[in-house]
Amino acid sequence: MAAHDNDQILPEEDSPNPHASSNRWRHQESSAFARAAVARDAHASSSQTRDLSSYLNSTRVEGNRPDSKGTGNYQPIVIGNSDGAHEGVGVDDGKEVVCGPLLNYRRMEDRTWHGSVLLVTKGGGKTQEFQPTLRIGRVTIAPGQQGLVEEGSAVNGAAAGTLESNHGTDVTGVCLYSDPRNTFWQFSLACDIGDTETKWAYSIADVRYKSTTKPQTNYFYIPAINESMRMMFHSCNGFSVGTDEDAWSGPALWNDVMRSHAQAPIHVMLGGGDQIYNDGIRVNGPLREWTDIGNPKKRRDFPFPESLRSACDDYYLENYIRWYSTEPFAAANGQIPQLNIWDDHDIIDGFGSYVNEFMKCDVFRGIGGTAHKYYMLFQHHLAPPASTYTTDAPETTVHSPEQDPNQLINTFVKEPSFDSSYIIGTRPGPYVAEHSMNMFAKLGARVAFLGIDARTERTRHQVNYPETYDAIFTRVREELGAAMAGGQPYKHLILLLGIPIAYPRLTWLENVFSSPLIAPVKFLNRRFGFGGGVFNHFDGSVDLLDDLDDHYTAKTHKKERNTLILRLQEVCAEFSVRLTILGGDVHLAALGRFYSNPNLHIPVEADHRYMVNVVSSAIVNKPPPAAIANLLASRNKIHHLDADTDETLMALFDKDPGDSNRTRSSNNVTMPSRNYALITENSPNNQEAATNGHAESAEGTSPENKFDGKDGHAFLSQGESGAGTKHKAAAFETHGKDHDGGLDVCVRVEIDQHDKEGKTEPYGLSIPVLDYEAGKFGSNAHAHHLRHKRSRPTTAGRASTRAPSTTPSVPSTNPSLPEFP
């Protein structure tokens, strides 16, 4: 049942469909559906609003079109046989869609799923003559999935296919923002969560789409009340300036995402930052003139007047509309609910990681505010602040309730508000005069989600304010505690970060780039252009330094990072919840993890320090050269967070994708290819267990014993054993089909950049649930400084065969001693 504040609930019944298509996952509908779903007047009488509902409950017969087999090469229906581009030419009636629909997930409360749809239409202003209406209804129970009703079975005593449902509920659009260019409409969705997985349909009446292939009706899936969501994670969803996009077949991997969605519907799409690349604003956009200023002082002192603010506003708006309307990314936007955090490219490359004097300049603060405006609209479906930073209006240069009247001429802005899924920072960021937007949400029965906004408060020396961390951990403890008290504890906590947190160090490279030895070269670059693209056009630093400073493993963020990990460990121990971290940004696939010192002899299943960092990047942008990936692999040493915690990358890549030979044979920890990740719980409700990766031994003893004392260069658990292309989590037939409650992770890596279909090679591993028992295992915390200990095996690298030393402790400069972060 879909609900809305003023909607009347009209229960109806689904009937079995004896003529349904043999292809369960066809997203194309019959011509009869097209006739039934013809757009109608939003202000028509309610008696006419049941047309779609009536059709959805009636017999459907598919046409004899060839199956697209999930490749994305199909022609969806066109309502009314019109593409909308030539209809009403010259008439600005507010009905022409320029972007959307975009589907977001927000939260679950009791048995209600909450989400939203965003639609952007052409034209607008202080008032809007047309107000669109969205119609949503449950189509059917979704057949063939775990926890779903099978043919002939019954749910709550009702025969399959006769579940009571409510089709044809109207949701009136709410205007978030409108100016003469465009209007942003938000539709709040509230859907009942059933005892089985359900499929929902929605359409927006009386609007025109430009494209003849734009589907008029979109579908999404909601898991059963006792199941967790199937998740997809991606990052770096765009191209850097200067990339030959055709050479990389555009956003081809989104075709593979849609194939995965057709095999097993994805319930939520987690965007780890850089959902869009706005770097072109300094190359072919309004900041080109400013970027070309050679004198750093003149560049810092350059104002951000209303004329420049308006031009930048146009750029961000047009770039969002262009990218979010690009197929096949656009198709995923309308069918898979999203949860997003942002990163630097959502603003501009390196934002927050340049020197403070430069970051505080008017132009950077101005584009920070403008980018935040459209981040809120497109990625969160929230009303933005009424006005953004400009030097022409002093009231906008500080976080203030006062507004710039020039930005509100013939413009409507809804009063900003946040729902309960947000954890709002206590004070504005240093360069974006807005509060950080962190998120907590329930991803089904046993999985919780935490997204940390690691960009709004970022500087070169901090990621988030201490009080923001306090607010986040207070909320997390409240949510986990309430679930535990209610008898339905969370088993997994998914932490979404913009940057990897368990990743090889490149401190030596940071030292070189920031060394005084580089100063003469920087001088020659400023005066004569020597060094070309080695130095960035902003603060004159080495171009890669901002990327290195972004990393949690950078020396400037090391203390903050380590404190964050230790606080997360405390939460895992307190609530016996397994933490899995998602991070992107680096344009590589990798698998980092933290784990207990092997001399503590703690099996992974009981180890609250065991945290996997799934590094998946980029889904669109080009990867770095293989030499960079190989260099990072060579730096994959075992690091020691403290006396009890180690970290390193895991050997996930048993082969290069397809028949390629992309990396050297010794590199099985970093993969320089485009990729994304799928994550699925091995539901305890599953009836049949997979045989690879989780089986117990015939003697009944725990197979984890064979991993006792191993360091991170070896597999640490049964779930890691055999990780790669042959692991059960890599195969669709066995992915998520076990019943031990762990998570199956499948990183899907592009095989050929020239393949427009974006075919991928899957690599898998499993993450076990946590069964923590306080006091059962010891700690090294009582020991002296770890630099004087020799208890950890083979910490110098995989190839090390050096025996443990029996000599007395020596200074830490001895290369045979463990390396610290």
Side-chain angles (χ1 to χ4, degrees), residues 2-4 27 37 52 72 76 97-108 112-121 132-139 142 169-174 176 184-193 197-205 207 209 211 214-223 229-234 237 251 254 257-258 260-262 265-271 275-276 320-321 323-341 374-382 419 421 439 441-444 449 451:
H4 192 253
H27 288 267
L52 176 59
V97 176
V98 298
C99 188
L102 312 177
L103 178 63
N104 270 18
Y105 168 68
R106 293 194 179 280
R107 67 192 187 279
M108 284 184 174
T112 303
W113 178 100
H114 293 272
S116 62
V117 168
L118 183 79
L119 195 74
V120 186
T121 57
T133 299
L134 178 145
R135 169 148 292 241
I136 183 169
R138 191 174 70 188
V139 179
T169 298
D170 283 349
V171 180
T172 303
V174 173
L176 299 177
F184 291 77
W185 297 101
Q186 184 230 59
F187 306 88
S188 294
L189 308 182
C191 305
D192 277 355
I193 304 171
E197 183 178 30
T198 49
K199 179 179 179 180
W200 295 75
Y202 71 91
S203 61
I204 301 170
V207 295
Y209 295 95
S211 173
K214 187 73 173 178
Q216 307 296 300
T217 299
N218 283 282
Y219 303 90
F220 64 95
Y221 295 79
I222 297 176
M229 291 187 179
R230 287 185 288 273
M231 297 162 271
M232 176 264 189
F233 166 58
H234 70 92
N237 181 45
W254 285 101
V257 171
M258 298 308 290
S260 297
H261 184 55
I266 299 167
H267 298 124
V268 67
M269 188 160 66
L270 305 176
Q275 276 72 247
I276 184 172
Y320 260 104
I321 290 174
W323 184 245
Y324 273 68
S325 300
T326 300
E327 296 291 353
F329 175 49
N333 286 332
Q335 299 179 36
I336 308 175
Q338 305 172 62
L339 270 176
N340 296 325
I341 61 172
Y374 289 107
Y375 169 63
M376 291 188 70
L377 284 167
F378 279 93
Q379 299 196 42
H380 288 271
H381 306 180
L382 296 175
D419 67 21
S421 61
M439 295 176 288
K442 183 177 183 179
L443 302 185
F449 166 83

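Just so you know, residue 1 is the first one in the sequence shown, and it goes up from there. The figures that follow rest on heavy atoms only: side chains count, while hydrogens, waters and symmetry mates do not.
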Quiz item: Does a side-chain heavy-atom distance below 4.5 Å link C191 with Y202?
Solution: no
Practice problem: For H381, enumerate each residue passing the ring pair (Phe, Tyr, Trp, His ring centres under 6.0 Å) test, keeping only those at least two apart in sequence or located in another chain. | Solution: none
Exercise. Rounded to the nearest 0.5 Å, what's the gap from OG on S325 to CG on N333? Could you check?
Key: 8.5 Å
Quiz item: Judged by atom type as modelled, is there a donor-acceptor pair below 3.5 Å linking the side chain of W323 to the main-chain atoms of N237?
Solution: yes
Quiz prompt | Check: H380 main-chain N/O paired with R106 side-chain donor or acceptor under 3.5 Å | solution = yes
Practice problem: Go through the steps for H261 and I336 under the test side-chain contact (heavy atoms from CB on, under 4.5 Å), then give the verdict. | Solution: CA-CA 8 Å; H261 184 55; I336 308 175; 4.0 Å; yes
Quiz item: Would a 4.5 Å heavy-atom cut-off, applied to side chains only, mark V97 and L119 as touching?
Solution: yes
Self-check item: Euclidean distance, I266 CD1 relative to Q338 CD, rounded to 0.5 Å
Solution: 11.5 Å
Exercise. Can you spot which of V171, L134, I136 makes a side chain to side chain contact (heavy atoms under 4.5 Å, CB included) with V117?
Key: L134
Practice problem: Evaluate side-chain contact (heavy atoms from CB on, under 4.5 Å) for I204 paired with F187, printing each intermediate quantity in order. | Solution: CA-CA 10 Å; I204 301 170; F187 306 88; 4.0 Å; yes
Self-check item: Residues which pass ring pair (Phe, Tyr, Trp, His ring centres under 6.0 Å) with Y374, listed by chain and number, not counting sequence neighbours
Solution: none
Quiz item: Are L189 and L103 side-chain neighbours, meaning at least one heavy-atom pair lies under 4.5 Å?
Solution: yes
Self-check item: Any residue meeting side-chain hydrogen bond (donor to acceptor under 3.5 Å, both in side chains) with E327, in chain and number order, not counting sequence neighbours
Solution: none
Quiz item: Are any non-hydrogen side-chain atoms of P223 and R230 less than 4.5 angstrom apart?
Solution: no
Self-check item: Within-4.5 Å side-chain heavy-atom neighbours: P251 and T326
Solution: yes
Quiz item: Listed by chain and number, what are the side-chain hydrogen bond (donor to acceptor under 3.5 Å, both in side chains) partners of N218, not counting sequence neighbours?
Solution: none
Self-check item: From S421 atom OG to M439 atom CE, the distance as rounded to the nearest 0.5 Å
Solution: 7.5 Å
Quiz item: What pairs with Y105 under ring pair (Phe, Tyr, Trp, His ring centres under 6.0 Å), at least two apart in sequence or on another chain?
Solution: W113
Self-check item: Residues in salt bridge (charged side-chain N to carboxylate O under 4.0 Å, His left out) contact with R107, at least two apart in sequence or another chain
Solution: E109, D419
Quiz item: Tell me, do Y221 and K199 make a side-chain contact under 4.5 Å, heavy atoms counted?
Solution: yes
Self-check item: V268 side chain near F449 side chain, heavy-atom distance below 4.5 Å
Solution: no
Practice problem: Please work out whether the ring planes of F378 and Y324 are parallel, tilted or perpendicular, with thresholds of 30° and 60°. | Solution: tilted
